[in-house]
Structure formats: C-alpha cells, structure tokens
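To start, the structure under review is shown below, and the notes come after it.
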Amino acid sequence: MKKSVRVRFAPSPTGSLHIGGARTALFNWLFARHHQGTFILRIEDTDAERSSPEMIDVITESMSWLGLAWDEGPLLQSGFLDRYRDRAQRLLSEKACYHCFCTAADTSAENDSAFQGGGCAAGCSDLGAAESAARREAGEEAAVRLRIPEGRGVIGFEDLVFGRVEVQSSELDDFVVLRADGTPTYHLSVVCDDIEMEISHVIRGADHISNTSKHILLFEALGAPIPDFAHLPLILGPDRKRLSKRHGAASVLEFRDQGVLPQALLNYLALLGWSPGDDREFFTLDELSDAFTLDRVNKADAVFDSQKLEWMNGKWIGRLPAEDLEQAVRDVLEKAELWDASLGRERRIWFRHVIGLLKPRVRTLHDFAHYGRAFFTDDFVYETEPVNKYLKISDPREKQRMVTGLSQLIQAYSTVDEFTLESTERILRAIAAQHGLKTGAFIGAVRVALTGKGVAPGLFDVLVALGQSKSVERIDQVRRCLQ
RNA sequence: GGCCCCAUCGUCUAGGGGACUAGGACGCCGGCCUCUCACGCCGGAAACAGGGGUUCGAAUCCCCUUGGGGCUACCA
C-alpha cells in the first residue's frame with residue numbers, strides 16, 4: 001500500500017521568509033497538492049535566543065499572501081519540548097546516547113584545531129553509567145550526544161532529486177541532540193516531529209543534504225521508519241553566493257512591497273530549479289500542481305535573476321483582467337495618496353479602463369502610480385526632456401503655428417459633441433494638416449500637455465480617459481505658457 | 001583542511017548515446033508595427049569548463065583536473 005503523502009515546511013522564525021524558503025514552501029505545497037496529500041506548517045523555534053514571535057507572523061503573512069495555505073499548523077516546536085526530552089531519555093537508557101560534560105567552548109576549540117572523529121574527544125562517551133550519574137548529581141551540566149554506532153559503515157539514501165547519496169559513518173561526529181539546558185537541537189527536533197507527524201517526504205534545501213545522514217541515524221535509533229528525502233538546489237545571488245540581504249530584496253514581503261504580484265513571484269520561483277519539460281512559462285498555482293513532479297527538479301544551484309522576475313511580473317499584470325488588478329492597484333494608489341476614496345460606480349468603470357490602458361506598459365504595481373500619475377491627479381510634473389523636445393520651439397514661425405494649432409484644437413475639442421477616440425483623432429489630424437504641423441510633433445506636444453511625459457498610452461486613449469473638460473483645460477494651460 | 005554535492009549561452013533552462021548545423025525564455029543588439037512608450041511580430045550575437053577514456057558514434061556513460069556550493073555549532 002502506498003503511504004499517504006504528508007509533507008511539511010519547517011522554517012525557523014529567525015528572520016523573514018526568504019525567497020529560498022518561499023520556494024521550499026512552494027515545492028512542498030505543490031507536491032502535497034499533486035498527490036492530494038497534507039501540507040503542514042511547522043515552526044522550528046527551538047533556539048529561543050534567535051527566534052521571535054514577530055517572525056512567525058511575518059512567515060504566516062508571507063505564505064498567506066502567496067496563497068500557500070497549510071492544512072495543519074502552524075505547529076510550534078517550542079510546544080513539544082517534553083517530547084524531545086522523552087525521546088532523548090529513551091536513547092540515553094538504550095545507550096544510543098550519552099552525557100557529555102565538555103562545555104560548548106571546549107568542543108568548539110577542538111573543532112577549530114582538527115577533526116576529532118568519532119565521539120567526544122574528552123572521552124565522555126566512555127564514561128561509566130555510575131560516574132556519569134554522579135557527576136550530574138553533583139550539579140555538572142551535560143549535553144546529550146548521539147553515539148555514532150560502531151561499524152555502522154555507509155549511510156546512504158535515495159534522494160528523489162539527487163539520487164544516491166552516501167557517506168561513511170566514520171565521518172560523522174557524535175553530535176549533540178539535547179543541549180545542557182535540556183532543549184533539543186535541530187537534528188533531534190526535526191526527526192522527532194517528522195516521526196510524530198508521520199511525514200512521508202522531507203522536501204528541503206540542499207544545505208541539509210549532509211545533515212540527512214545524521215537524521216537517518218536518529219530515525220534508526222528511535223526505531224522509526226525513514227521518510228523519503230528530496231533536496232532542492234539552493235538559490236544563489238548574482239555573485240554565486242547564497243542569496244542574502246546584500247543582494248537587495250530577498251524576502252517575500254519586500255517583493256510584495258515593491259509591487260510584485262504573488263502570481264508572478266510564485267511562477268518565477270517555480271521555474272527556478274524546476275522545469276515542466278516543455279517551453280511553457282506561465283503557470284497558475286493550479287497548473288503548477290498538476291505539472292509538478294520531483295523528478296523534474298534540477299540538481300544545480302540557480303542564480304536569482306530579478307530582471308526576469310520583473311519581466312514575468314509585467315506579463316502577469318498584462319494578462320490579468322483589470323478587475324483582478326483593481327484592489328492591488330488601489331492599494332498602491334492609496335499609499336501614494338492618489339486614491340479618491342469617494343469614487344462612485346461610474347468612476348470605478350473608468351478606473352478599470354485606465355488600468356487597462358496602463359497594464360501592457362507596466363512592470364510593477366508601483367508603475368501605475370508613477371507612470372500613470374497624470375490620470376489620477378492634476379499634481380504632476382512636466383518632465384524637462386519631453387518639454388524641451390516638444391514645447392521649446394526656437395523658430396518663431398514654427399512656434400506660432402503650434403500656438404495656433406493648439407488654440408484651434410482647444411476650440412474644436414471644447415465644442416465637439418462626441419469626445420471619442422475617433423473624433424479626437426480626426427480633429428487633431430485635420431488641424432495639424434491645416435497648419436502645416438507635423439502630426440508627430442503636434443501629438444507629442446499635446447501628450448506632454450496632458451501627462452507631463454513623453455511616454456504614455458496612445459494619445460487619443462489618454463484624451464478620452466481624461467475627459468473633455470480636463471483635456472481642454474490642460475492643453476489650454478500649456479498653450480498659455482507657450483505664448 | 002576533511003566529507004558530501006553540483007557543472008549546457010551572462011542568467012533560468014530543454015536535452016537522459018545517433019532526431020544537435022545544441023532548442024526555448026530573460027537580458028542585449030537590429031528590424032517591422034506606430035503619435036511616444038509598452039505590447040506584438042521578425043531576425044542576430046551568445047553555451048555543452050578542460051583533459052582522458054568507453055563506443056561505430058558522445059552535451060548525454062566512466063575517470064581525473066578545474067571551478068562552484070553545502071556540511072563540518074550545545075544555529076536551523
């Protein structure tokens with residue numbers, strides 16, 4: 001019988017949810033979905049020093065924003081401390097573990113100098129039960145180490161991504177499972193919980209590949225079945241070092257705050273280290289969970305490319321219907337204080353229309369506020385470059401033609417009955433022709449008048465979107481400046 | 001240092017002995033479209049790390065070298 005799929009994402013709340021962690025969460029989530037399994041969120045907060053409750057909130061908020069819902073949890077390891085102590089106690093009584101009286105400072109000094117091999121160099125592993133007990137009774141502090149079984153030989157496992165991975169047990173040190181203060185180390189808590197939660201597949205970063213042999217030893221010592229393992233290649237910065245703060249944005253919430261869509265981030269992340277095997281590039285979460293299999297995960301580490309993310313974000317903005325973008329764009333405009341809260345129904349329809357105009361030329365949500373500013377407020381600046389190009393006319397006769405053209409345009413636009421794409425274009429072209437104005441120059445001038453920019457959606461779209469009176473007003477204002 | 005892992009254009013990748021004059025995507029460079037920009041379309045430059053094998057035949061299999069990453073904590 002095939003065991004049911006139960007996977008977990010187990011971040012430690014020592015920092016915000018990183019891009020690498022997000023991808024691990026995503027792959028676990030996809031694997032669970034693909035197999036109709038269970039996705040568990042477990043918080044590895046056994047290091048009280050570095051963990052913080054705020055970070056747990058950040059992690060859950062990040063995952064919710066991404067749309068990676070968990071079926072069980074969040075389960076905090078700090079709530080299971082007894083469980084780990086009990087297991088350690090059992091291992092102690094079975095002599096699979098032993099008390100080590102060396103201090104942390106002792107052992108780190110040893111590790112710096114040379115590889116010790118085997119157990120604790122001070123010989124704690126050979127201490128008799130009586131002596132060990134006596135010293136502890138005398139108040140000496142002791143950590144608990146796992147005894148690497150003598151002659152265990154090679155420890156190997158069949159990684160679902162990397163294939164066969166092996167290491168000699170003699171390469172392993174007797175690692176600490178319980179600190180002197182009675183709290184578990186990572187190795188113990190992960191294994192205990194993976195047993196307790198009946199995790200079927202451990203899917204995690206490749207930085208844990210070397211830890212896996214230790215974990216296998218613990219599973220064996222605890223007499224528990226060993227889950228399948230799948231390690232994911234790491235995500236690197238452009239310098240091929242592990243992705244971190246100094247590479248710029250690295251946390252999920254930062255990307256959100258920079259105007260990235262969750263769909264785009266997820267889509268991009270899915271393609272980092274995994275490929276569908278064909279040329280498809282755009283995937284929804286549903287499509288991903290259909291297509292996703294571990295055997296298509298790559299082994300090589302991947303460099304994070306923010307340019308491609310941005311491209312993909314632009315594509316997602318472009319392909320999403322305006323309704324779906326509405327709320328996110330609203331949030332951005334609100335932050336930029338460009339949002340008129342009193343928008344009525346008609347104005348909402350207009351709003352969607354403007355989103356539609358801006359959509360194909362925008363790469364992040366922020367661009368709606370920057371690039372599209374003139375749609376939402378009269379308080380915009382006239383950029384010098386396009387002003388110089390279209391409105392600073394040195395030749396007096398040329399300039400006169402432009403002023404006349406604009407005057408006529410204002411006249412015609414303010415009196416035309418139907419202010420439409422068709423009429424605005426017909427009128428403008430006719431006036432340009434009539435006064436010997438180059439159409440491009442005339443359009444350019446009007447565009448600057450309306451938006452302050454040399455780059456904007458098609459002029460007639462802009463005119464209609466701004467509406468008759470506001471368009472005329474802005475053109476007139478520029479005309480007066482010209483004279 | 002020791003151990004483990006990895007290696008196709010700058011980047012993400014397809015490729016799992018002949019279908020490879022190595023395909024796609026981002027980025028870059030040209031062109032078309034056009035009122036600007038973007039979108040779209042067309043085209044271009046750009047890679048099998050090096051060396052040995054195995055084989056009739058290697059990007060694909062093996063070995064070595066080189067490069068990169070990970071682990072080597074009473075962090076996770």
Side-chain angles (χ1 to χ4, degrees), chain A residues 10-15 44-47 49-51 100 102-108 111 114-115 117 141-145 159 162-163 165-168 170-173 175-187 189-190 204-214 231 233-234 236 238 240-242 268 271-281 298-312 314-315 318 358-363 367 371 386 389-390 425 428-429 432 438-444 446-448 451 453-460 462:
Chain A
S12 64
T14 53
E44 315 235 315
D45 58 346
T46 56
D47 184 356
E49 294 280 300
R50 307 191 201 200
S51 301
C100 173
C102 305
T103 65
D106 290 341
T107 49
S108 74
N111 286 338
F115 170 66
E141 294 219 311
V144 177
R145 290 180 184 274
D159 192 281
F162 285 88
V165 178
E166 292 183 338
V167 67
Q168 289 290 336
S170 55
E171 297 291 340
L172 266 32
D173 280 319
F175 56 95
V176 171
V177 295
L178 214 56
R179 303 184 186 105
D181 66 4
T183 60
T185 61
Y186 161 74
H187 303 299
S189 57
V190 195
R204 65 200 345 174
D207 47 343
H208 287 300
I209 213 159
S210 303
N211 288 332
T212 304
S213 52
K214 297 179 187 172
H231 288 92
L234 268 17
L236 274 21
R240 297 218 147 257
K241 301 281 181 229
R242 231 169 154 152
Y268 175 71
L271 263 18
L272 255 197
W274 174 84
S275 91
D278 52 41
D279 290 341
R280 282 181 300 165
E281 292 220 88
N298 272 336
K299 294 199 256 256
D301 294 341
V303 172
F304 184 80
D305 181 0
S306 54
Q307 276 193 107
K308 189 156 186 178
L309 201 216
E310 223 184 75
W311 165 80
M312 183 153 266
K315 287 317 195 75
L358 263 14
K359 235 167 48 143
R361 0 188 158 234
V362 137
R363 288 205 142 192
D367 293 340
Y371 177 82
K389 184 168 175 191
Y390 292 108
E425 175 159 11
L428 183 143
R429 287 187 188 278
K438 280 204 181 108
T439 312
F442 198 33
I443 286 178
V446 177
R447 171 179 295 111
V448 179
T451 66
K453 293 174 181 296
V455 171
L459 181 69
F460 308 107
V462 175

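Quick caveat, the model's predicted, so the values are computed rather than measured. Chain identifiers are assigned alphabetically (A, B, ...) following the order of the sequence lines, protein sequences preceding nucleic acid strands; residue numbering begins at 1 within each chain.
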Legend entry - Base paired to G10(B) (Watson-Crick or G-U; both N/O distances under 3.5 angstrom): C26(B)
Inset, instruction - Measure the acute angle between the ring planes of Phe304(A) and Tyr268(A), then classify it against the limits of 30° and 60° as parallel, tilted or perpendicular. - result: perpendicular
Inset, instruction - Answer yes or no: is there a side-chain heavy-atom contact under 4.5 Å between Leu358(A) and Asp367(A)? - result: no
Legend entry - Watson-Crick or G-U wobble partner of C61(B), both distances under 3.5 Å: G53(B)
Legend entry - Spacing of Arg204(A) atom CZ relative to C71(B) atom C1', expressed in whole Å: 12 Å
Legend entry - Nucleotide of A76(B), U36(B), C74(B) approaching Tyr186(A) most closely (side-chain heavy atoms): A76(B)
Inset, instruction - Please state whether the phosphate of A76(B), meaning OP1 or OP2, lies under 4.0 angstrom from any side-chain nitrogen or oxygen of Thr46(A). - result: yes
Legend entry - Rounded interatomic separation in angstrom, taking CZ from Phe442(A) and C1' from C35(B): 12 Å
Legend entry - Upstream residue (5' side of RNA chain B) when Lys299(A) and Phe460(A) are each assigned their closest nucleotide: Lys299(A)
Legend entry - Same-atom distance (P) from A22(B) to A59(B), integer angstrom: 10 Å
Inset, instruction - Indicate whether OP1 or OP2 belonging to G27(B) is found under 4.0 Å from a side-chain N or O atom of Arg363(A). - result: yes
Legend entry - Any Arg242(A) side-chain N or O less than 4.0 Å from OP1/OP2 of G69(B): no
Inset, instruction - Could you check how far CD of Glu310(A) sits from C1' of G27(B), rounded to whole Å? - result: 12 Å
Under 3.5 Å, N/O pairs linking protein and nucleotides 40-44 of chain B:
unit_1	atom_1	unit_2	atom_2	d
G40(B)	OP1	Lys315(A)	NZ	2.8

Inset, instruction - Look at all strands and tell whether Ser12(A) reaches a base, only sugar-phosphate, or nothing, counting heavy atoms closer than 4.0 Å. - result: sugar-phosphate
Legend entry - d(CG, Asp207(A); C1', C71(B)) in whole Å: 9 Å
Inset, instruction - Could you tell me the separation between the CZ atom of Phe162(A) and the P atom of C5(B), rounded to a whole number of Å? - result: 10 Å
Inset, instruction - Tell me what Gly454(A) touches on the nucleic acid: a base, only sugar-phosphate, or nothing, going by heavy atoms under 4.0 Å. - result: base
Inset, instruction - Please determine, for the side chain of Ser210(A), which listed nucleotide (G27(B), G70(B), C35(B)) has the closest atom? - result: G70(B)
Inset, instruction - Using the P atoms only, state how far G23(B) lies from C48(B), rounded to an integer number of Å. - result: 13 Å
Inset, instruction - Would you mind telling me which residue lines up with the more 5' stretch of RNA chain B, Ser189(A) or Arg429(A), judged by nearest nucleotide? - result: Arg429(A)
Inset, instruction - Scan every strand shown for a Watson-Crick or G-U wobble partner of C20(B), both distances under 3.5 Å, and answer none if you come up empty. - result: none
Legend entry - Nucleic acid footprint by protein, nucleotides 9-23 of chain B - heavy-atom cut-off 4.0 Å, B for base, S for sugar-phosphate alone: --SBSSS--------
Inset, instruction - Counting heavy atoms from C-beta on, name the nucleotide in G70(B), U36(B), C74(B) closest to the side chain of Val455(A). - result: U36(B)
Inset, instruction - Specify the separation, in whole Å, of atom CD of Glu166(A) and atom C1' of C4(B). - result: 11 Å
Inset, instruction - Under the side chain to side chain contact (heavy atoms under 4.5 Å, CB included) rule, collect the residues that match up with Thr451(A), sequence neighbours excluded. - result: Ala374(A), Arg447(A), Lys453(A), Ala456(A), Val462(A)
Legend entry - Nearest-0.5 Å distance that lies between atom OH in Tyr371(A) and atom CZ in Arg363(A): 13.0 Å
Legend entry - Presence of Lys241(A) side-chain N/O under 4.0 Å of G69(B) phosphate oxygens OP1/OP2: yes
